[in-house]
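Notes follow the structure.
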Amino acid sequence: MSEAPQRLRYRHEFLRVARGGKKCAMPGLVLQVRKQQILENKQNQKNIRIGFTVSKKIGNSVTRNRARRRLRSVADIVMQKSAASGNDYVIIGRKSTTKREFCALVKDLENALTMLGKARLDGFSKNEGHAK
RNA sequence: CCAGACGGUCGGAUGGCUGCCCUAAGCAUAUGGGAAACCUGCGGUGGGAGGAAAGUCCGGGCUCCACGGGGACACAGUGCCGGGUAAUACCCGGCGAGGGCGACCUCAGGGAAAGUGCCACAGAAAGCAAACCGCCUGUCCUAACUUUAUUAGGCAGGUAAGGGUGAAAGGGUGCGGUAAGAGCGCACCGCGCCAAUGGCAACAUUGACGGCAGGGUAAACCACACUGGGAGCAAGACCGAAUAGGAGCGACAACUUAAAUCUAAUUUAAAGGCACGUCUCCGUGCCGUCGCUCGGGUGGGUUGCAUGAGGUGCGCGGUAACGUGCAUCCCAGAUGAAUAGCCAUCCCCUUGAAAACAGGGACAGAACCCGGCUUACAGACCGUCUGGUAUU
RNA sequence: GCCGCCGUAACUCAGGGGUAGAGUACUCCCUUGGUAAGGGAGAAGUCGUGAGUUCGAAUCUCACCGGCGGCA
């Protein structure tokens with residue numbers, strides 16, 4: 001269990017992911033992905049990093065805490081097997097996060113990952129095309 | 001049984017599996033991250049949100065700064081009395097005023113006779129009282145009238161009963177009295193003042209006197225009494241890249257006056273400005289630009305950081321708040337921030353005649369720590385008391 | 001976490017105890033061949049919410065609600 005994912009901690013990291021990454025909205029959550037910076041070490045690049053964002057629009061601090069905990073347990077289940085290494089992920093809570101069933105949240109995250117995986121491949125091919 | 005008042009307790013319960021945060025004994029001082037400081041391993045004992053954790057409205061502990069010395073002023077807060085407390089604007093017990101049939105509740109509840117201000121509109125008059133409509137008197141004048149009487153108007157007075165305005169019009173009710181009236185007199189009530197008694201006191205009771213003076217507003221200024229230095233754990237301490245800023249040295253530029261030197265530059269003194277709430281007396285510190293050197297220090301890490309005005313039980317003192325003695329317990333410490341997911345049984349609520357099924361579980365998340373206040377809150381339980389109804 | 005500031009017409013703001021105002025915007029009329037500008041008239045307000053003080057509160061006091069800013 002030593003491969004517990006690192007957490008994003010600072011505002012600029014979140015802003016970097018939100019600005020330059022891909023985004024996918026599902027009924028229970030919103031997922032953002034961006035590849036990590038190349039300046040980091042190789043060992044660091046193996047890890048995936050996850051951040052959670054639950055804004056004040058969702059509710060008071062109790063409901064915000066609850067939403068973040070559910071998102072974290074969902075990420076614990078899903079990310080280890082199906083997340084691509086070397087990426088930064090940001091999961092954003094929505095108003096339905098506290099009410100939605102847990103299995104549905106898991107499926108939401110899996111679907112978002114597959115969608116963004118395809119999107120990322122497409123983006124890479126496009127970038128290469130531009131480079132050429 | 002119904003309706004209600006007050007006080008207190010709880011804030012869904014139990015179990016299983018997979019995970020999270022802190023942590024004791026023990027094992028390793030190796031690996032990894034980092035520039036460094038420092039963090040990190042294995043292991044798993046024990047523990048893991050609240051009555052309001054909230055609002056940040058008060059009071060403290062703790063930390064740093066000012067802590068030069070006064071004096072005057074200012075600012076802010078509190079305001080019946082006594083007690084409790086580390087302290088309070090909190091709590092307890094009394095007193096007074098108001099509300100309720102009652103249990104009981106509410107009260108920024110001192111001074112308006114130190115002074116100043118304000119009281120719009122309406123109204124005659126809104127503050128050393130006054131006289132609009134009225135009422136009354138006249139041996140005054142005019143008119144009606146033969147005269148008296150009477151009536152109307154004017155003039156000169158008296159009056160504060162009645163009307164009207166207003167939130168408020170300078171005691172209230174009744175009787176006497178009078179030309180009409182009036183504390184003018186009397187009784188009761190209110191008010192003021194004096195004395196006695198009771199009480200630590202606020203105050204209460206009684207008696208005598210006064211003869212109504214002193215409208216309201218101090219959550220208007222204010223006077224009186226008391227209290228208060230400022231900031232806050234993003235306080236502070238320690239370890240530590242770069243940059244900016246600081247100190248020393250050198251160079252340059254500017255300057256109000258005086259003295260020293262022929263001038264410049266420099267030095268000294270005074271003056272000026274800024275800082276310590278303001279002023280004053282003294283006292284202290286500082287006063288532009290560029291280059292070099294030095295120690296310090298932000299982002300980062302460690303600490304502050306959880307044994308405390310602590311909880312629980314019993315006894316004693318006290319009407320109570322509370323104090324005190326003994327025993328016992330250790331009970332969250334994160335820093336993008338720890339309680340989640342699934343399952344089972346029970347409890348409660350909703351839909352419903354009932355069962356089953358289904359859905360749901362109030363308000364709400366510690367961030368240095370305590371004592372209060374205020375605000376939010378589904379429901380459940382306990383105790384004391386009041387009013388009504390019924391029965392005995 | 002701590003410390004401050006502000007809520008008044010659709011918008012920007014005055015008013016700091018006595019009938020709540022200004023500018024822009026809106027509606028109607030005049031002017032013009034028509035529009036703009038200009039002139040005239042009008043409508044639009046729980047003064048953030050609730051208590052209290054006062055005869056009387058947008059104003060004074062207290063408690064809430066909402067918004068904004070500062071401190072590493």
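Chain A is the first sequence line, chain B the second, and so forth, proteins listed ahead of strands; every chain is numbered from 1. As a basis for the values below, the full set of heavy atoms in this structure was taken, side chains included, without hydrogen atoms, waters or symmetry mates.
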* **B/C331 glycosidic torsion: syn (within 90° of 0) vs anti** => syn
* To do: Give a yes/no on whether any side-chain N or O of A/Ser73 is located under 4.0 angstrom from OP1 or OP2 of B/G341.
  => no
* Under 4.0 angstrom between A/Arg66 side-chain N/O and B/U339 OP1 or OP2 -> no
* Structure fact -> Per the glycosidic torsion and the 90° limit around 0, nucleotide B/G51 is syn
* When Watson-Crick pairs (N1 to N3 and N6-O4 or O6-N4) and G-U wobble pairs (N1-O2 and O6-N3) count only below 3.5 Å on both distances, what is the dot-bracket string of RNA chain C, with | for other-strand pairs? -> ((((((((.[[[[.)..(..]]]].(((((.......))))).....[[[[[..)....]]]]]))))))).
* Is there a donor-acceptor pair under 3.5 Å between the side chain of A/Arg94 and the backbone N or O of A/Met26? -> yes
* **Gap in Å between the two P atoms, one belonging to B/A332 and one to B/G361, rounded** => 28 Å
* Chi class for B/A49: syn within 90° of 0, otherwise anti -> syn
* Separation of the P atoms in B/U375 and B/C90, to the nearest angstrom -> 14 Å
* Asked: Pick the nucleotide of RNA chain B nearest each of A/Asn65 and A/Thr53; which residue has the one closer to the 5' end?
  -> A/Thr53
* Asked: Taking the P atom of each, how far is B/C224 from B/G70, in whole Å?
  -> 24 Å
* Asked: What nucleic acid atoms does A/Arg64 come within less than 4.0 Å of, heavy atoms only: base, sugar-phosphate, or nothing?
  -> nothing
* Structure fact -> Per the under-4.0 Å heavy-atom filter, residues of residues 90-106 of chain A near RNA chain B come out as A/Phe102
* Rounded to the Å, how far apart are A/Leu71 CG and B/G341 P? -> 11 Å
* **Flag, side chain of A/Arg64 to backbone of A/Ile58, donor-acceptor distance under 3.5 Å** => no
* Identify, between A/Asn60 and A/Arg68, the residue whose nearest nucleotide on RNA chain B lies closer to the 5' end. => A/Arg68
* Asked: In whole Å, what separates the C1' atom of B/G297 from that of B/A244?
  -> 11 Å
